[in-house]
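Starting off with a structure, shown below.
We use all heavy atoms of the structure for the numbers below, so side chains are in, but hydrogens, waters and symmetry mates are not. Chain letters run A, B, ... following the sequence lines, proteins first and then strands; every chain starts at 1.
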There are 2 protein chains.
Amino acid sequence: MRNREYGQFCGLARAAEVLGQRWTLLILRDLLTGPRRYSDLAAGLPGIPSNLLSTRLKELEQDGLIVREARGGADRSIVYAMTDRGAELQPALDALSRWGAAGMREPREGEIVTDASLVSALRVAAEGAAIAEQRLTFTVSVGDAVAHAIVEGDGVEVGIGAHPGADAVITGGPGFRDMLAGALDPATAIAEEAVVVEGDPGLLDDFVSTFTVPYSPAMTAD
Amino acid sequence: MRNREYGQFCGLARAAEVLGQRWTLLILRDLLTGPRRYSDLAAGLPGIPSNLLSTRLKELEQDGLIVREARGGADRSIVYAMTDRGAELQPALDALSRWGAAGMREPREGEIVTDASLVSALRVAAEGAAIAEQRLTFTVSVGDAVAHAIVEGDGVEVGIGAHPGADAVITGGPGFRDMLAGALDPATAIAEEAVVVEGDPGLLDDFVSTFTVPYSPAMTAD
DNA sequence: CGGGATCCCCCGAGATACTG
DNA sequence: CAGTATCTCGGGGGATCCCG
């Protein structure tokens with residue numbers, strides 16, 4: 001068997017063969033936010049060797065998870081995009097994200113937040129949210145990352161970059177993650193400047209009730 | 001940062017740091033079926049180097065996913081068991097299993113089915129099943145692997161080993177996977193000896209309506 | 001025999017430089 | 001911009017050995 005195979009006729013083993021390679025999950029996380037160029041991917045994955053990114057993209061194309069396509073038009077740039085089969089991974093990656101996020105407290109030394117990781121986090125945080133009474137738009141920024149969210153009815157749309165004319169612009173700092181876990185209430189978070197809100201500060205309550213990232217019950221027992 | 005880290009404050013990245021190591025997902029899959037001894041794990045993971053199994057178990061204990069405990073009583077053997085935090089991985093591993101299984105057709109040359117992989121597959125296959133009218137018990141064997149399932153109401157219980165006095169003993173061969181995908185109907189499967197049923201052959205219909213493993217829509221388009 | 005530890009080899013990851 | 005080329009080094013694969 002090829003070196004990366006496990007020799008078991010098992011769904012999890014097959015998934016592990018494809019996804020268990022270093023950097024692969026993060027590449028897919030980034031591509032799930034939309035098609036990206038090689039240099040966009042490299043920028044969103046600081047520390048990845050360029051040859052490894054190149055290798056992974058070829059493997060993922062080989063495995064049918066992504067496609068490499070020349071973008072028509074003026075710029076002849078090349079973009080990578082998820083296939084349908086690749087997009088089917090979303091529930092699994094979301095479940096992994098949720099598990100990982102439940103075990104996160106403070107960032108470790110030097111850890112960053114990227115655009116794609118922020119979008120991914122917000123999308124997962126919005127799952128299971130109650131139906132919104134009114135349409136609300138947010139711009140969320142954490143570190144250098146910026147994302148936007150449009151909350152309307154039972155759907156939440158999240159994407160990279162600011163939302164022009166958002167109802168509220170929320171800038172998260174230390175303590176932002178505690179607030180999303182419910183360990184720090186919005187009013188206190190504003191008072192302690194763990195969060196800065198431009199626009200109606202009251203909208204932070206709506207934000208928190210829509211986007212929640214609980215701590216793992218097994219870890220609060222510490 | 002440690003070598004296996006990604007330097008991103010992101011749930012998926014954190015999950016990948018723990019789960020992205022070779023063999024780790026399969027070790028957890030096996031432990032999710034219940035506590036296991038070192039030698040049980042080694043037997044269920046043919047090909048794993050013993051030093052690597054040892055290393056992984058230490059890492060997983062360090063990360064709080066499993067505990068190593070001396071089993072009291074006559075045999076002083078040591079067992080490894082999931083912690084609560086580790087057990088929270090089940091939804092994520094199930095989602096990965098489902099995705100992987102959706103992409104599986106025939107086994108590759110030399111691929112085997114283990115007890116734990118069969119249990120895992122049946123558990124995932126039972127998700128979303130309709131409420132059963134009557135209590136049914138099955139013993140399922142594929143290759144050398146044997147599992148049992150108890151279907152009752154809206155719950156399905158799956159475990160390793162045969163169920164004594166099961167209502168039906170189902171032995172799957174080539175074509176079994178097609179049947180679970182709905183590509184081969186039960187009567188034909190029996191006729192072609194893709195499946196052998198001891199007991200009431202009609203129970204195979206109940207089995208198939210409870211345990212389904214669809215093919216990926218994106219792959220049937222091939 | 002269960003439950004590992006030790007050894008060596010080699011591949012793949014990381015870093016850096018370079019090119020169409 | 002979108003990669004390829006080359007080198008080094010740590011970790012995985014495989015076999016063997018050890019200890020209660």
- Relative to the 5' end of DNA chain D, which residue comes earlier, A/L57 or B/T55, by the nucleotide with the nearest heavy atom?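 Looking at the nearest nucleotide for each, A/L57 comes out on the 5' side.
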- Query: Would you say A/Y80 reaches D/dG3's phosphate, i.e. side-chain N/O to OP1/OP2 under 4.0 Å?
  - Reply: yes
- Message: Which label fits A/Y80 and A/Y38: parallel for a plane angle under 30°, tilted from 30 to 60°, or perpendicular past 60°?
- Response: tilted
- A/L41 has an atom CG; how far is it from atom P of D/dA2, in whole Å? 10 Å
- Query: Within the structure, does a side-chain N or O atom of A/K58 lie under 4.0 Å from either OP1 or OP2 of D/dT4?
  - Reply: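 Looking at the OP1 and OP2 atoms of D/dT4, one of them is under 4.0 Å from a side-chain N or O of A/K58.
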- Taking the side chain as every heavy atom from C-beta outward, state whether A/Y6 and B/I112 have any atom pair closer than 4.5 Å. no
- Look at all strands and tell whether B/S50 reaches a base, only sugar-phosphate, or nothing, counting heavy atoms closer than 4.0 Å. base
- Message: For a quick test of reading the model: is some side-chain N or O of B/R56 closer than 4.0 Å to OP1 or OP2 of D/dG12?
- Response: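 Looking at the OP1 and OP2 atoms of D/dG12, one of them is under 4.0 Å from a side-chain N or O of B/R56.
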- Task: Report yes if a side-chain nitrogen or oxygen of A/R22 is closer than 4.0 Å to either non-bridging phosphate oxygen (OP1 or OP2) of C/dG14; otherwise report no.
- Result: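 Answer is yes, contact under 4.0 Å.
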- Proximity to the side chain of B/P49 - top-ranked nucleotide from D/dG3, C/dA13, D/dG14: D/dG14
- Item | Protein-nucleotide distance (A/I27, atom CD1; D/dG3, atom P), rounded to Å |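 After rounding, the gap between these two atoms is 12 Å.
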- Does B/R14 make a cation-pi contact with A/W99 (under 6.0 Å, within 45 degrees of the axis)? no
- Sugar-phosphate, base or nothing in reach of A/I48, heavy atoms under 4.0 Å: nothing
- Query: Does A/S54 make a side-chain donor-acceptor contact with the base of D/dA2, cut-off 3.5 Å?
  - Reply: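 Side chain to base: no pair present.
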- Message: Please find the pair of heavy atoms, one from A/M104 and one from A/Y215, that lie closest to each other, and give the distance.
- Response: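 Result for this residue pair: O-CE2, 3.4 Å.
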- Looking only at D/dT4, C/dA13, C/dG2, the nucleotide nearest the A/Y38 side chain is D/dT4
- Rounded interatomic separation in angstrom, taking CG from A/L52 and C1' from D/dA2: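 Computing the A/L52:CG to D/dA2:C1' distance gives 16 Å.
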- Starting from C1' on D/dG3, measure out to CG on A/N51 and report it in whole angstrom. 10 Å
- Please report, rounded to the nearest Å, how far the P atom of C/dC1 is from the CZ atom of B/R37.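 From B/R37 CZ to C/dC1 P: 13 Å.
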- Item | Interatomic distance, B/L53 CG vs D/dT16 P [rounded to whole Å] |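 Distance, rounded to whole Å: 19 Å.
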- Task: Output yes when at least one side-chain N/O atom of A/R68 is less than 4.0 Å from OP1 or OP2 of D/dA2, else no.
- Result: no
- Task: Could you check how far CG of A/D40 sits from P of D/dG3, rounded to whole Å?
- Result: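 My rounded result for the distance is 12 Å.
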- Which atom names give the shortest non-hydrogen contact between A/T114 and A/G44, and what distance separates them?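 For A/T114 versus A/G44, the nearest heavy atoms are CG2-O, 3.6 Å.
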- Query: Please give, in whole Å, the distance from D/dG3 P to A/E59 CD?
  - Reply: 15 Å
